[in-house]
Amino acid sequence: MSKFAEQAERVAQICAAVATAAFLSSGLVYLYLGRVPVTMADYWVTYEVCLNHSWLESALLKLNYHSLFFPSLIWLADLRFFHGDQQLLFFAGMILLFSTAALLLVPLWRDETIGLTAKLVATLVVIVGNFWMGRASITTSGGFLCICSLAISGTLLACLWLPTTRTEWPRSLKACLTVLASGFVASFSFASGMAVWPTLLLLGWSLRLRWRLLVVLLAGGLTAIVIYVLLPSARAEIPFARISDFSEFLVAAGRGPFHLCMLLGAPFLWAEAAWSPDYHISDKLGATSLFSLSCGVLGLVFAGLAVAPKLIRRDLGQSRLELTALGLVIFNLVALAIIVVGRTEYFRMLPDEVIAPRYLFWSSLFWTGLLLVAIQRAESKKWLRWPVYLLALAVPIGVLPSHYKEGLRWRFVNYLAESGAVSLINNVRDTKQIQILFNDPEQVYRVAAQLRAHRLDMFAKGLQDWIGQRETRLFAGRQKSEGFKGNCHVDSLVHGKNGSSAGKVTGWIRKRGHAIPKTLVIVDPTGVVEGVGRSWGTNKFISRIFYQGKFSSSAFLGYIRDYNPQLQYTVRCADDGVLSNEKIVVDTPVTGLPAP
């Protein structure tokens with residue numbers, strides 16, 4: 001190797017290592033600060049099922065045609081033993097996300113068919129594929145992350161153990177049981193997890209497994225399908241084709257390849273949109289984007305070129321990287337095909353949903369698998385190595401704007417979710433704040449009453465019990481100076497308890513040393529607590545490094561449950577089991593009717 005080639009290799013290695021570290025650190029910060037802190041989205045439906053059924057019934061019931069048996073055990077345990085702590089659920093999901101990355105990285109670094117440069121570049125691809133914030137609609141939610149990561153991790157584990165089934169007894173039996181168990185975990189973690197069985201059969205065929213092993217895999221897949229069909233359903237939200245609409249269903253089904261290509265190309269559309277200042281994809285563009293369609297067609301072609309020769313010649317070889325990469329490609333391709341088939345009617349009614357961000361979780365891993373295949377195969381073709389390396393090194397640059405903008409957006413979603421939780425704790429009906437939690441406010445209010453009764457999630461700390469008590473009874477009257485300062489006012493009126501008017505209080509609040517107080521109480525002139533509030537903000541250093549200083553200021557939201565405009569209310573900090581000596585006067589009282 002020439003001196004120039006050695007220097008080029010060294011530069012590529014350094015660039016890959018630095019980019020990996022930078023992308024991983026930013027991804028972890030964005031995920032943690034943008035995490036879903038309270039019950040949100042479909043979990044208002046899921047928790048209603050869990051709170052009204054036994055553990056076994058809750059685990060076995062299908063929700064929206066998904067069997068969530070294995071991930072449900074995680075949030076059922078969280079509800080039972082940890083009061084529905086969403087932060088704990090998020091960390092459980094993060095452990096599973098790291099497990100997915102590890103199941104890709106371990107065989108990669110043990111693979112002796114590729115060199116150090118290829119390993120570092122492939123590591124960068126794996127990190128970007130797993131921690132890109134374009135997948136944040138799934139990865140910021142502990143529950144959704146547990147669901148999807150269990151499906152992916154189960155599949156990858158089964159793929160890694162598949163070659164071991166060719167060994168001698170009893171090791172082959174252990175490997176076969178591990179493959180089957182992992183397949184069932186993937187199948188009953190998410191409906192798309194059923195893609196594990198076609199994946200294992202195709203890989204098994206390419207590995208030249210014995211016929212009886214292929215029959216066992218086929219039997220395992222058929223058994224999983226039978227069990228899935230027999231499981232009862234709790235509730236279905238997504239419309240499926242009806243017999244009366246069968247002709248329309250056939251027309252919609254004919255658009256299946258189009259929808260599949262749109263799903264596959266969606267990561268490119270979202271990454272490209274982030275380079276523009278507004279970062280917006282219109283409904284029309286989302287439903288008809290030629291760019292997304294073209295990228296999806298190319299993805300199908302590349303997948304065919306990667307998989308077809310191995311299936312025809314049945315020579316998958318000894319590379320574990322190629323095995324897991326092809327498994328990733330096949331699984332996510334079949335998973336997206338299942339989504340297309342299952343949501344044919346849904347896409348017909350809402351065509352733009354075909355590029356919905358939640359599907360990026362699967363399509364991004366499809367492209368991750370394709371790039372890993374390219375890196376592995378380029379190692380034996382010198383003319384192809386550097387084009388592939390440069391393409392892989394360009395990936396984090398291409399997705400960086402969307403990575404940053406999604407990190408920014410989900411940090412704000414974190415604040416909005418906390419704000420919705422504050423309104424529920426105060427037992428007021430601020431529909432504007434609630435709609436961020438779920439699109440059906442009545443569902444939220446109904447389930448929130450059960451969460452309150454069981455002291456779960458946002459009610460676990462008992463802040464709702466403070467309302468109506470005298471401030472001198474809180475923390476046995478302990479007080480201290482906090483350097484507490486700020487400005488807040490009654491912003492509007494909302495519906496309070498029993499038809500009364502509640503005051504919505506907003507503003508900014510700080511403690512000594514620019515610290516951001518977390519929990520606050522609003523008291524009336526007699527010293528009775530009339531509401532609680534939360535303050536929200538981001539450390540100045542983190543805000544400057546990761547958010548360009550956009551979240552350096554603090555924001556306060558609280559409610560006065562029975563608001564009387566004739567009274568003067570004050571706010572006190574209630575962190576760390578002590579009240580602040582300082583008080584902040586609530587300004588600008590308003591009168592009028594409650595907001596609708």
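Only this structure's heavy atoms are used, side chains among them; waters, hydrogens and symmetry mates stay out. Keep in mind it's a predicted model, so treat the numbers as computed, not measured.
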### Summary
For Ile338 and Ser192 the tightest heavy-atom approach is CD1-O, 4.1 Å

### Task
Please answer whether the main-chain N or O of Ala22 pairs with a side-chain N or O of Ser25 as donor and acceptor at a distance below 3.5 Å.
yes

### Task
Please report the closest heavy-atom contact between Ala287 and Pro351, naming both atoms and the distance.
CB-CB, 3.6 Å

### Query
Any donor-acceptor pair under 3.5 Å linking the side chain of Arg377 with the backbone of Ala306?
yes

### Query
Would you call Ile436 and Met40 a side-chain contact if the rule is heavy atoms closer than 4.5 Å?
yes

### Query
Any chance NZ of Lys432 has more than 12 other-residue heavy atoms, nucleotides or ligands included, within less than 6.0 Å?
no

#### Entry: Closest approach of Ser419 to Gln433 (non-hydrogen atoms, all atoms of both residues)
CB-NE2, 3.1 Å

### Message
Run Leu333 and Leu264 through side-chain contact (heavy atoms from CB on, under 4.5 Å) and show every step you take.
### Response
CA-CA 8 Å; Leu333 183 59; Leu264 290 173; 3.9 Å; yes

### Task
Could you grab the distance from atom CG of Leu372 to atom OG1 of Thr324, nearest 0.5 Å is fine?
7.0 Å

### Query
Are Leu28 and Phe98 close enough, and set up right, to give a side-chain contact (heavy atoms from CB on, under 4.5 Å), and what steps lead you there?
CA-CA 11 Å; Leu28 292 177; Phe98 272 102; 3.6 Å; yes

### Query
Are the side chain of Arg411 and the backbone of Leu33 linked by a donor-acceptor contact shorter than 3.5 Å?
yes

### Task
Go through Phe131 and Tyr30 one step at a time and tell me if the side-chain contact (heavy atoms from CB on, under 4.5 Å) criterion holds.
CA-CA 9 Å; Phe131 294 94; Tyr30 288 146; over 6 Å; no

### Message
Can a donor-acceptor pair be found, under 3.5 Å and without considering hydrogens, that links the side chain of Ser554 to the backbone of Ile509?
### Response
yes

### Task
Output the distance between atom CG (Leu97) and atom CZ (Arg135), rounded to the nearest 0.5 Å.
6.5 Å

### Query
Do Asn414 side-chain atoms and Arg35 backbone N/O form a donor-acceptor pair below 3.5 Å?
yes

### Message
Donor-acceptor pair, distance only, cut-off 3.5 Å: does the side chain of Trp410 make one with the backbone of Leu31?
### Response
no

### Query
Within a reach of under 6.0 Å around OH of Tyr404, are more than 12 heavy atoms found that belong to other residues, nucleotides or ligands?
yes

### Query
Is the number of heavy atoms from other residues, nucleotides or ligands under 6.0 Å of Tyr279 OH greater than 12?
yes

### Query
Which residues satisfy the salt bridge (Lys or Arg N to Asp or Glu O under 4.0 Å) test with Glu418, sequence neighbours excluded?
Lys518, Arg534

### Task
Decide yes or no for Trp536 and Ile516: does some side-chain heavy atom of the first lie under 4.5 Å from some side-chain heavy atom of the second?
no

### salt bridge (Lys or Arg N to Asp or Glu O under 4.0 Å) partners of Asp457, counting only residues at least two apart
none

### Summary
Separation between NE2 (His259) and CD1 (Ile355), nearest 0.5 Å, reads 12.0 Å

### Task
Just do the side-chain contact (heavy atoms from CB on, under 4.5 Å) check on Leu365 and Asn130 with the steps written out, would you?
CA-CA 7 Å; Leu365 289 179; Asn130 280 278; 4.2 Å; yes

### Task
Using modelled atom types only, decide if a donor and an acceptor are shared between the side chain of Ser153 and the backbone of Leu150 within a distance under 3.5 Å.
no

### Task
Could you tell me the separation between the CG atom of Leu393 and the SG atom of Cys15, rounded to the nearest 0.5 Å?
6.5 Å

### Message
Any non-hydrogen side-chain atom of Ile339 less than 4.5 Å from a side-chain atom of Leu336?
### Response
yes

### Message
So His489 and Thr506, do their side chains get closer than 4.5 Å, heavy atoms only?
### Response
yes

### Query
Does any non-hydrogen side-chain atom of Leu300 lie less than 4.5 Å from one of Leu260?
yes

### Task
Taking all non-hydrogen atoms of both residues into account, name the closest pair between Gly420 and Ile434 and its distance.
O-CD1, 3.8 Å

### Task
Measure centre to centre between the rings of Phe546 and Phe541, then say whether the value is under 6.0 Å.
no

### Task
Taking the six-membered ring for Trp and the full ring for Phe, Tyr or His, determine whether the centres of Tyr43 and Phe144 are under 6.0 Å apart.
yes

### Test: Glu442 and Arg429 ion pair at under 4.0 Å
yes

### Summary
In terms of heavy-atom contacts, Ile147 and Ser189 come closest through CG2-O, 3.1 Å

### Centroid-centroid distance, Trp362 to Tyr359, less than 6.0 Å
no

#### Entry: Rounded distance [0.5 Å steps], CG in Leu89 versus SG in Cys146
5.0 Å

#### Entry: Residue pair Val428 / Tyr445: nearest heavy atoms and the distance that separates them
O-CE2, 4.1 Å

### Query
Going by the salt bridge (Lys or Arg N to Asp or Glu O under 4.0 Å) test, which pairs reach into residues 275-300, not counting sequence neighbours?
none

### Message
With a 4.5 Å cut-off on side-chain heavy atoms, are Val354 and Phe258 touching?
### Response
no

### Exam field: side chain Asn426 to backbone Val532, donor-acceptor pair closer than 3.5 Å
yes

### Query
Can you tell if the side chain of Asp78 reaches within under 4.5 Å of the side chain of Asp85, non-hydrogen atoms only?
yes

### Message
Suppose we screen for salt bridge (Lys or Arg N to Asp or Glu O under 4.0 Å). Which residues come up paired with Arg544, at least two apart in sequence or across chains?
### Response
none

### Task
Report the distance from atom CD of Gln86 to atom OG1 of Thr39, rounding to the nearest 0.5 Å.
4.5 Å

## Note on the structure
Exactly one candidate in Ile375, Leu104, Leu391 meets side chain to side chain contact (heavy atoms under 4.5 Å, CB included) with Val125; the answer is Ile375

### Query
What orientation do Trp386 and Tyr389 show, parallel under 30°, tilted 30 to 60°, or perpendicular over 60°?
perpendicular

#### Entry: Thr140 (side chain) donor-acceptor with Ser137 (main chain) under 3.5 angstrom
no

### Sub-4.5 Å side-chain heavy-atom contact between Trp75 and Leu68
yes

#### Entry: Those residues that, when tested against Asp575, pass salt bridge (Lys or Arg N to Asp or Glu O under 4.0 Å) (two or more places apart)
Lys511

Identify all side-chain donor-acceptor contacts of residues 394-402 below 3.5 Å with residues at least two apart in sequence or on another chain.
from, atom 1, to, atom 2, distance (Å)
Ser402, OG, Trp132, NE1, 3.0
Ser402, OG, Val399, O, 2.8

### Query
Any donor and acceptor pair, going by atom type alone, linking the side chain of Gln443 with main-chain N or O of Trp44 inside 3.5 Å?
yes

